[in-house]
Asker: 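One structure coming up, written as structure tokens, with questions to follow.
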Amino acid sequence: MKAVRFVETGRPPEIVELATPTPGPGQVLLKIAGAGVCHSDLHVLDEDMGMKGPFTLGHENAGWIAGVGGGVDGWKEGDPVAVYGPWGCGRCRTCQSSAENYCENHASIPTFGGGLGSDGGMAEYMIVPSPRLLVPLHGLDPVQAAPLSDAALTPYHAIKAALPLLTPDATVLVVGIGGLGHMALQILQALTPATVIAADIDDEKLAHAKQLGARHTINTRDGQAAAEAISAIAGARGITVALDFVGAQPTVDLCAGVVGRNSRLTVVGLGGGTVQYAANRPPYGCQVTIPYWGSRTELMEVIALAASGRIRAHTEVFKLDQAVEVYQRLREGKINGRAVLVP
Ligand code: NAD
Ligand code: ZN
Ligand code: ZN
């Protein structure tokens, strides 16, 4: 089968032929319908994220069960499923609560999940190490569903934790309207009555944000002018919740400068920015959070939101062979919504 492989930091991914894997005891073989192309892969490809290659990329996966190993029951060939991406130990207290994204034993597990240290879904088939990592799709098209497992789950987890602050009089700032940000806008509208401001450096992304229902859009190329415009909209209370899906120094500084007292600054993007602290900046009462991915039950909730038509990943579909070109387009900001590779 064809697969898109991470080889080592600083090298483009390689498209190679591999033998189709066979599921061992307790494992599931998945026929991949689609694998989302996440910006985190660019961090893995370009920076040293501590992952050793080679392995098959793709950590936003959905498809159909193609075979099960010994001891796996309750699933049958052809069942459409999404793969829950952050693979924990499955045994610790946190994993048992379904939040494998915060597994207590993460330091002793050699992979972050399929596509992030071990073989993922940018291939015709993928091994899922345990059926506990599968979530049924409830009628969703698996190609459309693939990005839900990260591009929607990650913002869902961040937003759900902020819900007590997202009242009708609150203003929420979403920075970075790419794969995660375009889902965040929809999730905010599905779950909250707060006023939404979308921010990006790319006017096309902002036009997309408008289509997705953002009340205000701000281009942040001029950081000072953007901060003033955002503060003018938010009023004396300031931004109640800032969601930074870039995480670079300029965006972290922007968010820290516009949040009000008793607010929440959530940094999701891995852009390498640092949140500085001095008395009352960020303002008193601000909770700074660094959420990672989401829990399995939250993925079930995300799939329910999508199955009921309240959120939808806007996808650009490509063939596996186009992976190198797709990563380059993502690097240049030329993907609208989420790219999905289809074998
Ligand atoms: P993406 O490339 O699809 O979107 C990024 C968006 O940010 C683009 O619209 C781009 O125009 C915009 N942008 C870039 N620089 C900007 C700046 N300085 N100011 C304002 N906007 C800017 O990326 P994505 O797949 O949505 O991922 C976003 C980030 O989230 C990445 O850093 C990724 O690694 C990270 N991520 C984190 C988690 C987590 O659990 N913490 C999970 C998934 C992704
Ligand atoms: Zn990701
Ligand atoms: Zn665990």
Side-chain angles (χ1 to χ4, degrees), residues 30-38 59-65 78-85 98 121 133-163 166-168 170 172 174 176-198 200 204-217 241 243 245 268 291 293-318 335-342:
L30 196 68
K31 181 171 166 55
I32 295 290
V37 184
C38 178
H59 59 268
E60 286 186 355
N61 307 308
W64 305 271
I65 292 180
D79 283 346
V81 290
V83 181
Y84 174 70
S98 112
L133 302 166
L134 302 174
V135 176
L137 287 185
H138 298 300
L140 286 173
D141 166 19
V143 175
Q144 295 298 315
L148 298 176
S149 63
D150 176 16
L153 174 57
T154 301
Y156 182 84
H157 172 61
I159 290 164
K160 198 177 168 191
L163 282 180
L166 291 167
T167 51
V172 52
V174 180
I177 313 301
L180 272 64
H182 93 287
M183 296 308 306
L185 295 176
Q186 299 176 61
I187 294 163
L188 281 165
Q189 286 169 94
L191 301 188
T192 87
T195 297
V196 179
I197 305 176
D200 203 292
E204 265 185 54
K205 303 294 172 74
L206 293 173
H208 192 204
K210 267 274 182 232
Q211 287 165 11
L212 293 171
R215 177 90 64 83
H216 306 275
T217 54
V241 175
L243 299 164
F245 293 108
V268 176
W293 224 323
S295 71
R296 268 195 340 260
T297 49
E298 284 171 335
L299 179 55
M300 292 176 160
E301 292 163 22
V302 163
I303 285 171
L305 262 185
S308 67
R310 282 170 289 176
I311 61 170
R312 182 173 71 86
H314 293 239
T315 54
E316 286 192 51
V317 173
F318 298 91
I335 298 289
N336 237 333
R338 191 54 126 197
V340 178
L341 296 185
V342 171

Asker: Please name the pair of heavy atoms, one in Gly78 and one in Trp64, separated by the smallest distance, quoted to 0.1 Å.
Answerer: O-CD1, 3.5 Å
Asker: Tell me whether Glu298 contacts the main-chain N or O of Leu153 through its side chain, where contact means a donor paired with an acceptor under 3.5 Å.
Answerer: no
Asker: Can a donor-acceptor pair be found, under 3.5 Å and without considering hydrogens, that links the side chain of Glu60 to the backbone of Cys38?
Answerer: no
Asker: Start with the C-alpha distance between Tyr156 and Ile311, add both sets of side-chain angles, then the distance that settles side chain to side chain contact (heavy atoms under 4.5 Å, CB included), and finish with yes or no.
Answerer: CA-CA 11 Å; Tyr156 182 84; Ile311 61 170; over 6 Å; no
Asker: Do other residues, nucleotides or ligands put more than 12 heavy atoms under 6.0 Å from the CD atom of Glu204?
Answerer: no
Asker: For the residue pair Ala190 and Leu305, what are the closest heavy atoms and their distance?
Answerer: CB-CD2, 4.1 Å
Asker: Is there a side chain to side chain contact (heavy atoms under 4.5 Å, CB included) between Asp79 and Leu134 once you walk through the steps?
Answerer: CA-CA 10 Å; Asp79 283 346; Leu134 302 174; over 6 Å; no
Asker: Quick one: closest heavy-atom pair of Ala62 and Leu30, and the distance?
Answerer: C-CD2, 4.4 Å
Asker: Would you say Thr154's side chain and Ala151's backbone share a donor-acceptor pair under 3.5 angstrom?
Answerer: no
Asker: What are the two closest non-hydrogen atoms of His314 and Leu212, and how far apart are they?
Answerer: NE2-CD2, 3.5 Å
Asker: Within this structure, what is the NZ-CG distance for the pair Lys205 and Asn336, rounded to the nearest 0.5 Å?
Answerer: 6.0 Å
Asker: Quick check: closest heavy atoms across Ala158 and Val268, and the distance to 0.1 Å?
Answerer: CB-CG2, 4.4 Å
Asker: Is a side-chain N or O of Ser98 found less than 3.5 angstrom from the main chain of Arg296, in a donor-acceptor match?
Answerer: yes
Asker: How many angstroms lie between CG in Leu243 and CD1 in Ile197, if you round to the nearest 0.5 Å?
Answerer: 11.5 Å
Asker: Any idea how His182 and His208 line up, ring-wise: parallel (<30°), tilted (30 to 60°), or perpendicular (>60°)?
Answerer: parallel
Asker: Start with the C-alpha distance between Arg338 and Met183, add both sets of side-chain angles, then the distance that settles side chain to side chain contact (heavy atoms under 4.5 Å, CB included), and finish with yes or no.
Answerer: CA-CA 10 Å; Arg338 191 54 126 197; Met183 296 308 306; over 6 Å; no
Asker: Looking at Phe245 and Ala184, what are the two nearest heavy atoms and their distance?
Answerer: CE1-CB, 3.5 Å
Asker: Say you draw a straight line from CG of Leu133 to CG of Leu299; how long is it, rounded to the nearest 0.5 Å?
Answerer: 10.5 Å
Asker: Show me the side-chain donor-acceptor pairs of residues 135-146 shorter than 3.5 Å, one per line, residues at least two apart or across chains.
Answerer:
from: Asp141; atom 1: OD1; to: Val143; atom 2: N; distance (Å): 3.1
from: Gln144; atom 1: OE1; to: Thr315; atom 2: OG1; distance (Å): 3.4
from: Gln144; atom 1: NE2; to: Thr315; atom 2: OG1; distance (Å): 3.0

Asker: Is a side-chain donor or acceptor of Lys160 paired with a backbone partner of Pro155 at a separation under 3.5 angstrom?
Answerer: no
Asker: Are the side chain of Asp200 and the backbone of Ile177 linked by a donor-acceptor contact shorter than 3.5 Å?
Answerer: yes
